[in-house]
2 protein chains.
Amino acid sequence: MSKRTAPQPLAADEELATLAKALAHPARVRVLRLLARREGCIGCDIVADLELAQSTVSEHLRILKAAGLVEGEVDGPRICYRLSRDGLAHFKALVAAL
Amino acid sequence: MSKRTAPQPLAADEELATLAKALAHPARVRVLRLLARREGCIGCDIVADLELAQSTVSEHLRILKAAGLVEGEVDGPRICYRLSRDGLAHFKALVAAL
DNA sequence: TTCGTAAATCGTCGAAGGACGATATATATG
DNA sequence: CATATATATCGTCCTTCGACGATTTACGAA
């Protein structure tokens with residue numbers, strides 16, 4: 001090892017890779033599209049739309065939230081998810097800059 | 001299986017997810033940026049730039065090629081890799097359409 | 001408080017990803 | 001042909017991902 005001097009994965013690369021990973025699953029892409037369509041928010045409708053167990057969908061939502069692409073707001077016993085326009089815009093900007 | 005009626009992951013979602021997955025690793029993002037900078041092509045310089053074993057880099061390149069983001073052309077005993085402008089443009093378009 | 005619904009978390013399982021060294025393949029050159 | 005270099009492929013080892021059911025948590029309503 002130690003060929004030259006560049007072990008740093010360049011934070012920018014890491015950032016884009018992390019965001020891309022969040023979209024690296026068809027179910028999560030679908031969720032994003034779903035939230036993009038309905039300007040408002042959605043609750044457990046997402047579970048109904050995807051054909052996956054509730055726990056699985058919850059995990060996908062967690063990943064999208066962690067990536068900053070989706071936001072969740074408590075609304076009574078349910079949670080209102082909505083697209084993070086800023087997060088998505090940031091991702092788009094990173095991709096466009098490629 | 002067969003819970004409701006929407007088992008189709010909507011080819012479009014699959015496609016974007018597949019492309020995103022190809023970029024879901026910092027090393028691959030770096031390779032793409034590398035190839036984007038140098039208009040021409042590169043050979044084993046990629047191995048030197050990334051700090052990974054040759055076999056590992058080869059695998060990353062394979063993934064990028066499979067995704068249609070990179071093309072390789074035999075050039076003597078080495079291979080000239082170049083960015084697939086079309087492939088990247090397609091990806092950008094899919095992301096922009098989100 | 002008890003009940004019902006929505007969501008998150010936990011534990012498990014199998015599949016896929018990512019890394020490596022070793023080896024195989026291909027090609028130009030001596 | 002033998003050698004040197006550049007890539008690809010193989011086999012292995014861990015880790016992470018993705019799915020599930022079961023359980024827990026949180027809240028509104030009866």
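Being a predicted model, the structure only gives us computed values, none of them experimental. Order of the sequence lines fixes the chain letters, A, B, ..., with proteins taken first and strands second; residue numbering starts at 1 for each chain.
Residue order along DNA chain D, read from the 5' end via each residue's closest nucleotide, puts B:P77 first among A:V74 and B:P77.
Between A:R28 and the phosphate of D:dG18, there is a side-chain N or O to OP1/OP2 separation shorter than 4.0 Å. Contact annotation: B:Y81 side-chain N/O to D:dA6 OP1/OP2 distance is not under 4.0 Å. For the pair A:K65 and C:dA8, the criterion of a side-chain N or O lying under 4.0 Å from OP1 or OP2 is met. At the phosphate of D:dT7, neither OP1 nor OP2 sits under 4.0 Å from any side-chain N or O atom of B:R62. One finds no side-chain N or O of A:T56 lying less than 4.0 angstrom from the OP1 or OP2 phosphate oxygen of D:dA19.
Between A:D75 atom CG and D:dG28 atom C1' there is a gap of 11 Å when expressed in whole angstrom units. Atom pair A:I79:CD1 and C:dA8:C1' shows a separation of 8 Å (rounding to whole Å applied). Here the C1' atom of nucleotide D:dA26 and the CZ atom of A:R78 are 12 Å apart, to the nearest Å. Between the CG atom of A:L52 and the P atom of D:dG21 there is a distance of 11 Å, given to the nearest Å. Taking atom CD on B:Q54 and atom P on D:dA4, their separation rounds to 18 Å, with Å as the unit. Taking atom CG of residue A:L50 and atom C1' of nucleotide D:dA19, one finds them 13 Å apart after rounding to whole Å. In this structure, A:D45 atom CG and C:dT5 atom C1' are separated by 13 Å, rounded to whole Å. Per the geometry, CG belonging to A:D49 stands 17 Å off C1' belonging to C:dA6, to the nearest Å.
The side chain of B:I63 sits closest to C:dG18 out of C:dG18, D:dA8, C:dA19. Ranking C:dT27, D:dG18, D:dA8 by closeness to the A:H25 side chain, first place goes to D:dG18. For A:H60, the side-chain atoms get nearest to D:dG18 when compared with the rest of C:dA28, D:dG18, D:dA8. Comparing D:dG21, C:dA19, C:dG17 by their closest approach to the side chain of B:K21 singles out C:dG17. Nearest nucleotide to the B:S55 side chain, out of D:dG21, D:dA6, C:dG21: C:dG21.
Without hydrogens or angle criteria, A:R28 side chain to A:A22 main chain gives a donor-acceptor distance under 3.5 Å. Between the A:R82 side chain and the A:I42 main chain, no donor and acceptor come within less than 3.5 Å of each other. Between the side chain of A:S84 and the backbone N or O of A:E71 there is no donor-acceptor pair closer than 3.5 Å.
Contact annotation: the side chain of B:E15 never approaches that of A:V29 to less than 4.5 Å [non-hydrogen atoms, C-beta and beyond].
The distance from atom CG of B:L16 to atom CG of B:L98, rounded to the nearest 0.5 Å, is 5.5 Å.
Using a 4.0 Å heavy-atom criterion, one finds that B:E59 contacts no nucleic acid atom at all.
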